[in-house]
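Just passing along the structure, written as structure tokens.
Computed from heavy atoms alone, side chains included, the values below leave out hydrogens, waters and symmetry copies.
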Amino acid sequence: MKLTDTFLRALKATGKVQKYSDGGGLYIYVSPAGGTLWRMGYRFEGKQKLLSFGGYPAVSLKEARKRRGAAKEQLAQGIDPAAHKQAVKAAAAIQAKEQAVTFEAVAREWFSKKTAVFTPGHQKKILSRLENQLFPYIGNIPFSSLDPQTILAAVRHAENRGVIETSHRLAQLAGQVTR
């Protein structure tokens with residue numbers, strides 16, 4: 001029997017596990033505590049596997065069926081949907097981590113390690129140069145995608161204002177941070 005939205009809304013926890021099938025391996029799993037999860041059972045390379053699509057009502061019946069169809073297509077192509085899902089999640093986590101490591105984050109970490117070496121007056125100058133003259137231009141750029149031309153463009157802003165010595169110091173400071 002195909003599931004309906006009306007039936008799903010009426011589901012209640014009974015204190016034991018309940019499973020209601022929709023066909024094609026897709027079913028709704030009702031935990032003893034009342035949680036409702038979309039799952040799909042399938043076989044890949046002779047092994048029984050389980051794929052989870054999320055909870056109901058956050059994932060609707062229509063969306064669960066769509067995800068089941070996508071998983072079936074992957075199986076037809078010889079791809080394990082669970083392994084593919086894990087690989088996509090891992091790649092997204094790596095990308096998010098790379099995006100989180102910005103020039104500003106690296107510069108602040110570098111500065112915190114150098115505070116013991118610098119005098120209080122020099123600390124103030126260095127932090128001021130970073131915050132006022134480099135961070136506005138390259139602070140939010142991911143460190144992995146930072147290149148010399150981008151740093152040079154940030155330094156040129158100071159040079160265009162006519163503060164040549166400061167622009168040299170900014171280039172030197174950016175070089176120290178990137179090393």
Side-chain angles (χ1 to χ4, degrees), residues 33 35-40 42 44-45 49-60 62-179:
T36 53
L37 299 171
W38 289 110
R39 291 186 173 174
M40 180 181 147
Y42 65 98
F44 186 76
E45 295 180 348
K49 300 231 177 180
L50 185 66
L51 185 61
S52 183
F53 297 134
Y56 177 83
V59 177
S60 67
K62 184 178 179 180
E63 179 64 24
R65 287 176 176 162
K66 190 168 111 178
R67 291 181 186 184
R68 173 190 59 196
K72 291 276 189 184
E73 287 177 19
Q74 289 175 342
L75 284 169
Q77 295 170 3
I79 299 170
D80 182 5
H84 182 262
K85 183 178 175 182
Q86 287 176 343
V88 167
K89 190 182 277 190
I94 290 170
Q95 185 177 6
K97 186 177 179 182
E98 285 179 359
Q99 294 294 333
V101 180
T102 61
F103 177 80
E104 183 173 353
V106 172
R108 288 193 186 278
E109 183 180 338
W110 171 84
F111 180 76
S112 68
K113 290 180 181 179
K114 292 290 186 176
T115 54
V117 180
F118 298 149
T119 64
H122 191 61
Q123 287 177 17
K124 188 176 176 182
K125 282 181 194 174
I126 296 295
L127 190 59
S128 173
R129 286 182 186 142
L130 285 169
E131 289 178 340
N132 298 327
Q133 298 182 36
L134 287 178
F135 291 168
Y137 302 105
I138 60 173
N140 60 357
I141 296 175
F143 199 76
S144 60
S145 65
L146 199 61
D147 59 351
Q149 291 84 6
T150 310
I151 295 171
L152 185 59
V155 170
R156 289 256 164 89
H157 286 283
E159 196 174 274
N160 292 338
R161 288 193 328 263
V163 284
I164 305 300
E165 184 61 33
T166 302
S167 66
H168 289 291
R169 290 177 194 261
L170 288 175
Q172 186 179 31
L173 182 59
Q176 290 174 2
V177 169
T178 57
R179 278 192 290 280

### Query
Charged N to carboxylate O under 4.0 angstrom, E109 versus K114?
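Salt bridge absent between E109 and K114.
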### Message
Given 3.5 Å as the limit, does a donor-acceptor pair link the side chain of E104 with the main chain of F135, or not?
### Response
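No: the side chain of E104 does not pair with the backbone of F135.
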### Message
Please report the interatomic distance CZ(R65) to CE(M40), rounded to the nearest 0.5 Å.
### Response
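Between atom CZ of R65 and atom CE of M40 there are 14.0 Å.
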### Query
Any donor and acceptor pair, going by atom type alone, linking the side chain of T36 with main-chain N or O of G55 inside 3.5 Å?
no
### Task
Using atom types as modelled and distance alone, determine if a side-chain donor or acceptor of W38 lies under 3.5 Å from a backbone N or O of S52.
no
### Message
Show the nearest heavy-atom pair for residues A154 and I138, with the distance to one decimal.
### Response
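Of all heavy-atom pairs spanning A154 and I138, the closest is CB-CG2, 3.9 Å.
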### Query
Y137 vs H157 aromatic rings, parallel, tilted or perpendicular, using cut-offs 30° and 60°?
parallel
### Message
Measuring from atom NZ of K125 to atom OG1 of T166, what distance do you get when rounded to the nearest 0.5 angstrom?
### Response
10.5 Å
#### Entry: Between CD1 on residue I141 and CZ on residue F103, distance to nearest 0.5 Å
9.5 Å
### Task
Please report the closest heavy-atom contact between A158 and V163, naming both atoms and the distance.
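What the structure gives for the nearest pair is O-CG2, 3.1 Å.
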### 4.5 Å side-chain heavy-atom contact, L37 and Y56
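No. Closest side-chain heavy atoms not under 4.5 Å.
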### Task
Show the numbers, then the answer: is there a salt bridge (Lys or Arg N to Asp or Glu O under 4.0 Å) between R108 and E131?
CA-CA 10 Å; R108 288 193 186 278; E131 289 178 340; 3.2 Å; yes
### Query
Considering all heavy atoms of both residues, which atom of P81 and which atom of L75 are nearest to each other, and what is their separation?
CD-CD2, 3.6 Å
### Task
Determine the minimum heavy-atom distance between L134 and A174, stating which atoms define it.
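Nearest pair, atom of L134 first, then A174: CD1-CB, 4.3 Å.
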### Message
Just verifying a value: how many Å separate L170 CG and R129 CZ, rounded to the nearest 0.5 Å?
### Response
7.0 Å
### Query
Would you say the side chain of P142 lies within less than 4.5 Å of the side chain of V101, judging by non-hydrogen atoms?
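In short, these two side chains do not touch, never coming nearer than 4.5 Å.
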### Task
Dump the intermediate steps for side-chain contact (heavy atoms from CB on, under 4.5 Å) on L173 and W110, then the final yes or no.
CA-CA 11 Å; L173 182 59; W110 171 84; 3.5 Å; yes
### Query
Is a side-chain N or O of R39 found less than 3.5 angstrom from the main chain of L51, in a donor-acceptor match?
no
### Task
Determine whether Q133 and R161 make a side-chain contact, defined as any pair of heavy atoms from C-beta on separated by less than 4.5 Å.
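Yes, close enough: below the 4.5 Å cut-off.
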### Task
Enter the distance from Y42:OH to K72:NZ here, rounded to the nearest 0.5 Å.
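The NZ atom of K72 is 11.0 Å from OH of Y42, to the nearest 0.5 Å.
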### Query
Taking Q123 for the side chain and T115 for the main chain, is one N or O donor matched with an acceptor at less than 3.5 Å?
yes
### Summary
Rounded to the nearest 0.5 Å, the CD atom of Q86 sits from the CG atom of D80 at a distance of 8.0 Å
